[in-house]
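Here the structure is a predicted model, which is why all the values come from computation and not from measurement. Just so we're on the same page: letters track the sequence lines, and every chain starts at 1.
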Amino acid sequence: MFPKIDKSETFSQREVAIGEFWKQHAVYEKTLAARADAPPFVFYEGPPTANGMPHPGHCLTRAIKDLFPRYRTMRGFRCERKAGWDTHGLPVEVEVCKELGIHSKEEIEAFGVEPFIQKCQQSVWRYIQQWQQLTERIGFWVDLPNAYVTYHQSYVESVWWSLKNLFDRGLLYQGHKIVWWWAQGGTALSAGEVGQGYREVSDPSVYVKFPLLNDDGNVTDTSLLVWTTTPWTLPSNQFAAVHPDIEYATVVDQENEGQLIVAKDLVEVLAAKLKRELKIVATCPGSEIVGKRYSPPFHTYYSEAKNTQGTLESGKKQYVAWKVVAANFVTTESGTGVVHQAPAFGEVDYEVLIAEQAKYDSGGGPTLINCVGPDGKFTDEGPDYCRGRWVKECDKDIIRDLKERGLLYLREQIVHDYPFCWRADEDPLIQYPRESWFIRTTQFKDQMLANNAKINWQPDHIQDGRFGKFLESNVDWALSRERYWGTPLPIWVCEKTGKMEAVGSYDELLAKPGATGQEVWAAAKQKNPELPDDLRIHKPYIDAVTYDSPFAAGAQMRRVPEVIDCWYDAGAMPFAQWGYTGQEAGTESEQFQSQFPADFISEALDQTRGWFYSQLAISTLLFGEDRGSRSEERNNQTRPSSLTPRSSFPHPFRNCIVLGLMLGEDGQKMSKSKRNYRAPDEIFDHYGADALRWYFFANQPPWTSIRYSEQAIKDSIPEFLLRLWNVYSFFTIYANIDSFDPSAEFASAGGSKKENGLDFSNADSFRPRAERSELDRWILSELHTTSAAVIERMDEYDNFAACQAILGFVDALSNWYVRRSRDRFWASDKRSPEKLDAYWTLYECLLTTTRLVAPFVPFLAEHLWQNLAVTIFGDRVPESVHLCDYPECDAAATDETLSAQMNLVREISSLGRNARTSVQLKVRQPLAKVEVVLADDTHQSWLESHATLIAEELNVKAVEFAADARQYIDYSIVPNFKRLGPKLGKNMPKLKKLLGEADGGQLLADLKSAGEVVLDVEGNPVTLDAEDIEVRLQAKEGWTAAEGKGVVVVLATELTKELVAEGLARDLVRVIQDVRKDKDCAFTDRIEVGVVTELAELKNSVEMFNDYLAKETLAEKFSFGPINNVEAINVQIGEAQVELFVQVIS
RNA sequence: GGGCGCGUAGCUCAGUUGGUUAGAGCGCAGCCCUGAUAAGGCUGAGGUCCCAAGUUCGAGUCUUGGCGCGCCCA
């Protein structure tokens, strides 16, 4: 017996039970054990942070991350799934600061770095329970107990190893980075923080003259006209930038001495501001001004260095600063088209400096100048009236100074957005250079691009689009952070010589000669034994460890203060998750090598510049190109010998699904305060994890950004889950009634077990496909076709199309196969071969579908598997559906022709019902005849042999196929554009017109008899065969008909007495069945029926169709009149009111 | 300001290499069927495929420009 379905149980409750079952039986572990020797399918878990609550967007990533590993496991791969947690970084510090009610670095220092770090470590696990619960509840199978954690010592050391590798290869260097700097607080702000603080303010907008120099270095009477809104940056000016392709004009201003150079397009704008004419005396492209020297507005540095020259690669000498440079970022949207460059105070400006420096031989180029201190006040290098003053306060005095010296050309105020500190909103931020560590990623740009080119991105436009473009504009990775909670940068500096070296592990550090300072950790641990040992490799403990300098006798090596960008942590996970440290042998090495690169990763779009990039960059820098490729030799010089590339491109991942972002119900970003989404737990309780998963997988391709829609999640229940459930329910109800027990059918064979799934061929009542009915063969064909389609799509990481295929099959199974097979399930002979065929067929369909949907809706699938297979076959089948192999397509079972034919029947049925609707003829009312008109007669003879089927579906007495149906139908002929288009070209519209005007019926008849027709298109004979045209049918007015693409169905609507009587009988069956249901009759209960009616036709009908009525309603006896002690039930049959008496007699 | 993506029915979204009747689900309305009942089926209304120009015999699909939205970066 199949277990009876408990209708009071919700999907959600069943899922929780299934989750328990998996846990108790260690099913996930068993799926791995079962594939111990299988080829690996490698999945990387992009580590989430557990210091925030998970929301529905996280459900999406976790669902997709689960789908493909489950699928691949069933397909015969071993898919280890190590969980991971991202634990470092500013967000954690911010959380802790909030908790402590502090903000600035000073406050953190005052609180104490040591307790602060300890709090950070605790904070990262704040919502770990919620995350673990979510992970389990959504059915994301991943190895949580052995998760990698980015603050763990083994992880940090693995990161250290990689950084040491880069350092030793000269790829890790110190430079300047222009950051948004909060001068009053002494700290840099992250992009997100800066974004929060933008505010509209009024700032000075000044136009300043930079007089050009002639070849002798003397000032001329022509000046560049430069615009700036930050006068305080002018003392640190180093260049003036122009766009090489923009046209520049030399203009004369009547009221001013000398000539000015401005972008030609801006002359008029400027003149309008001045309210006077500017006369253009010459024009030239920007490229002609490039290289000219000028006199900057302040001469502090200039007077020292104006004649400094550097040596170019070509050997030529050139002045290094205070000259015009070319830059593509210059526009003519505002200003003058000549842009003041102060590299110390602008990221773009700084890039110009770097680009200039790169042109010169070793260090001979311009150096950064900066007359402002980190406190935002001018240093002694600034103008004397500014020294020691906050830069913004000096604007006025600087402007006055310029005016006095005749360099100020125009001054106005401008209102624009400017960032302020988000926690001290009176403090404007300034861009400021800070010492920073960089990874020389730019050197590997081509390799990264080559690597990217081989990755299979879904959607593919990421490759050359967002990600590719990002790689194209690669800049060196600014690695260091002046913060506390992060992987410490493993570089120790000699206090005397400033020489540095990288350290690869804690042991290596302690083994250094004279290593000391580890007792700081020991003391902390003694004081608080609860401290996790992993903290010893963090600030402040690690900073205490020093050792003897190998560079200078008596000097100590001290660690640099910085920690690193936590994106580096995440990007290092392919090796750091195993604690890999470059060793050729050992467990870590084996684990790493067998799990690199990944076959599949998936995260949301916001990871493009995050995890996707950090992984690719680190991997490309460390593991380079394909072994044995030509460029391998080139890189050998820099790569330490211990590092051999172990994989061909692409690495570190081969396939990547980039998920769209999930928005809240209102289309806005999900936000706790707006409450525009529901907590995942509630979704699971209301609708279940399968409903949520199916909604993600089947509603849209995964990369579309989706709006969270409660209704859509809810809808996936009736649209799919319930439909499948109903088929299952139908099957078990009747299988139990008929005592169809598949395992008992093996009585003579002594049981059967096939390693992969079930083999029924030995079952006594099991007949080979060929002996079964066409309907059975059809649904099995659909089943196998579906398997093939699902596998094909899933191998392409296309879950959306795979779901469509599954959905189509379940619809066919439920709405055609089961419906068309009801008679067989209801037949009284329990052992008739036809009935048993129906059971075997439906059973196979259900078992296969169960396995097919297992990766998508693992809970429902497991439930079905347990009740359909395990309760029946016990340990002769896998104990979980997830231990099964994925169903494959048996080509012998597919039958394309049959599929097309059945589709045609389904279409004809649908059209027939359509036609009935149009004249309000209920399907219950039999009709005499249906005429089917086909545009294409390929399947006509088959349909003729299936007339009974159509007759049953449409409740008609006869089905006819009209050969020439010109009485009902207008034929119109349309050319097959795809076929004829290339041949006919411009003549297409003419042919279309010709065919449209022709007598379609005649043309078709001619074509049928001759095989082809010749038409004259503007004097050119065109020969058309059957495939060159498309026949369209249209029912003529006055007929009850419906038309499809290539078929028209015409109904005969005249009703004879017999037909009416039969209709009434069917109506009577319907109402009696309703009564039976009301009375809670068992399916087998016999009844007696009394009918009281004035309607003669009904009496007549009962007499005519007595046998039919008795059979359908299990009525032993029909009488006209009331039954004693039975209450009358009033019903309507046709137009008449009828009193019905129904008594159960057994 | 730059890059990328998106814009198709009331809503959520499909739409193959360009091929002439643009689809699905939901919602709404009407009807039907029911011994699967937490069901199921059919039909209908609803579309200038954001706009404009171009390429083409033919454009929802390709090109260019514009408008709107989103994300990332400045």
Side-chain angles (χ1 to χ4, degrees), chain A residues 5 7-8 10-11 191 194-195 328-329 331 333-334 347-348 459 461-462 464-470 472-473 604-606 608-610 660-661 663 667-669 695 698-701 703-707 709 711-712 714-723 725-734 737 800-801 804 807 811 814-815 818-819 822 825-826 909-918 920-924 974-992 1030 1032 1034 1042-1045 1066 1069-1070 1073-1074 1076-1077 1081-1084 1112-1114:
Chain A
I5 292 165
K7 284 176 191 155
S8 66
T10 64
F11 278 120
V194 176
N328 289 324
F329 58 76
T331 69
E333 303 251 320
S334 59
E347 205 174 339
V348 177
H461 60 71
I462 298 288
D464 297 324
R466 190 176 273 236
F467 197 66
K469 289 278 191 309
F470 176 61
E472 291 281 2
S473 57
L605 187 66
D606 54 0
T608 314
R609 287 146 199 256
L661 294 167
L663 302 171
Q668 307 281 307
K669 251 187 184 168
Y695 158 66
N699 266 32
Q700 62 280 307
W703 49 84
T704 9
S705 62
I706 49 176
R707 199 183 275 204
S709 161
Q711 192 57 44
K714 202 172 170 181
D715 287 343
S716 60
I717 298 174
E719 274 169 30
F720 173 66
L721 299 175
L722 200 53
R723 201 171 288 180
W725 182 263
N726 281 332
V727 178
Y728 155 71
S729 160
F730 177 92
F731 171 80
T732 55
I733 288 171
Y734 288 100
I737 288 173
F800 179 62
Q804 299 299 308
L807 215 45
D811 180 63
S814 167
N815 290 326
V818 170
R819 197 158 61 77
R822 276 174 177 153
F825 290 110
W826 297 340
S909 307
S910 159
L911 290 170
R913 280 193 292 269
N914 178 348
R916 275 179 172 276
T917 308
S918 65
Q920 302 266 317
L921 281 168
K922 300 177 180 182
V923 179
R924 239 179 276 134
V974 185
N976 179 341
F977 288 95
K978 203 167 185 172
R979 204 149 181 263
L980 295 173
K983 253 192 278 179
L984 282 165
K986 288 192 195 239
N987 282 328
M988 273 315 279
K990 289 164 194 158
L991 177 69
K992 183 187 177 185
E1030 198 178 309
R1032 299 238 168 98
Q1034 194 171 20
E1043 66 217 28
K1045 277 249 174 198
R1066 289 186 61 144
V1069 168
R1070 178 181 64 89
Q1073 301 289 29
D1074 279 349
R1076 283 185 63 109
K1077 204 161 87 184
C1081 287
F1083 298 152
T1084 48
E1112 290 294 315
T1113 64
L1114 296 185

Should the ring pair A:F825 and A:Y734 be called parallel, tilted or perpendicular, given that the plane angle runs from 0 to 90° and is split at 30 and 60? tilted
Counting side-chain heavy atoms from C-beta on, which of B:C71, B:G41, B:A36 comes nearest to A:V818? B:A36
Per A:H461 side chain, nearest of listed nucleotides B:G3, B:A36, B:G5: B:G5
Under a 3.5 Å distance rule, please check whether A:R466 uses its side chain to pair with a backbone N or O of A:I462 as donor and acceptor. no
Would a distance-only check, ignoring hydrogens and angles, find a side-chain to backbone donor-acceptor pair under 3.5 Å from A:S473 to A:F470? yes
Ignoring hydrogens and geometry beyond distance, is the side chain of A:S814 in donor-acceptor contact with the base of B:A36 at under 3.5 Å? yes
Expressed as a whole number of Å, how far does the C1' atom of B:U8 sit from that of B:U34? 37 Å
Given atom CD of A:Q700 and atom P of B:G5, what is their separation to the nearest angstrom? 20 Å
Rounded to whole Å, CZ of A:F730 lies from P of B:A38 at a distance of 16 Å
A:F800 CZ to B:U16 C1', in whole Å, measures 13 Å
Of B:C57, B:A36, B:A38, the nucleotide closest to the side chain of A:L722 is B:A38
Using a cut-off of 4.0 Å on non-hydrogen atoms, how would the nucleic acid contact of A:N699 be classed: base, sugar-phosphate, or nothing? sugar-phosphate
Phosphate-side-chain proximity, A:S473 and B:C73, N/O vs OP1/OP2 below 4.0 Å: no
P atom, B:G41 versus B:G27: distance in rounded Å? 12 Å
Between B:G5, B:A36, B:G19, which nucleotide gets closest to the side-chain atoms of A:S729? B:A36
Value in whole Å for how far the P atom of B:G2 lies from CZ of A:F470: 20 Å
Euclidean distance, atom CD1 of residue A:I5 to atom C1' of B:A38 [Å, nearest integer]: 12 Å
Please tell me which of the listed nucleotides, B:A38, B:A14, B:C57, lies nearest to the side chain of A:M988? B:C57
Between the side-chain atoms of A:K978 and the base atoms of B:U20, is any donor-acceptor pair under 3.5 Å? no
Looking only at atom P, what distance separates B:G44 and B:G7, rounded to whole Å? 27 Å
G-U wobble or Watson-Crick pairing nucleotide for B:C4 (cut-off 3.5 Å, both distances): B:G70
Between A:N726 (side chain only) and A:L722 (backbone N and O only), is there a donor and an acceptor less than 3.5 Å apart? yes
Nucleotide of B:A39, B:C4, B:A14 approaching A:R466 most closely (side-chain heavy atoms): B:C4
Could you check whether A:R979 gets within reach of a base, just the sugar-phosphate, or nothing at all, counting any heavy atom under 4.0 Å? nothing
For B:A59, the Watson-Crick or wobble partner whose two distances fall under 3.5 Å: none
Please state how far atom CZ in A:R822 lies from atom P in B:G41, giving the value in whole angstrom units. 11 Å
Considering every strand and a 4.0 Å limit on heavy-atom distances, what is the contact class for A:K992: base, sugar-phosphate, or nothing? base
Touch check for A:P701, heavy atoms < 4.0 angstrom, all strands: base, sugar-phosphate only, or nothing? sugar-phosphate
Report yes or no: does A:N987 contribute a side-chain atom to a donor-acceptor pair with the main-chain N or O of A:K990 at less than 3.5 Å? no
For B:A52, give the paired nucleotide (Watson-Crick: N1-N3 plus N6-O4 or O6-N4; G-U: N1-O2 and O6-N3; both under 3.5 Å), or none. B:U64
Could you state the NZ-C1' distance from A:K714 to B:G27, rounded to the nearest angstrom? 12 Å
Out of B:G19, B:C57, B:C73, which nucleotide sits closest to the side chain of A:R609? B:C73
Suppose we define a pair by two distances each less than 3.5 Å, Watson-Crick or G-U wobble; what does B:U37 pair with here? none
Across the strands shown, which category fits A:Y728 at heavy-atom distances under 4.0 angstrom: base, sugar-phosphate, nothing? nothing
Over all strands shown, is A:N976 touching base, sugar-phosphate only, or nothing at heavy-atom distances under 4.0 angstrom? nothing
Taking atom C1' in both B:U64 and B:G25, what distance in whole Å separates the two? 36 Å
Using atom C1' in both nucleotides, what's the gap between B:A52 and B:A59 to the nearest angstrom? 14 Å
By nearest atom, which of the nucleotides B:A36, B:U20, B:G40 is closest to the A:N726 side chain? B:A36
Please determine, for B:A24, whether a Watson-Crick or G-U wobble partner exists with both distances under 3.5 Å, and give it or none. B:U12
Of the listed nucleotides (B:C4, B:A36, B:G41), which one gets closest to any side-chain atom of A:W826? B:A36
Atom-to-atom span, CD1 of A:I462 to P of B:C71 - whole angstrom: 15 Å
Checking only heavy atoms, does the side chain of A:R723 share a donor-acceptor pair with the base of B:A39 at less than 3.5 Å? no
C1'-based separation of B:C62 from B:C71 [nearest Å]: 26 Å
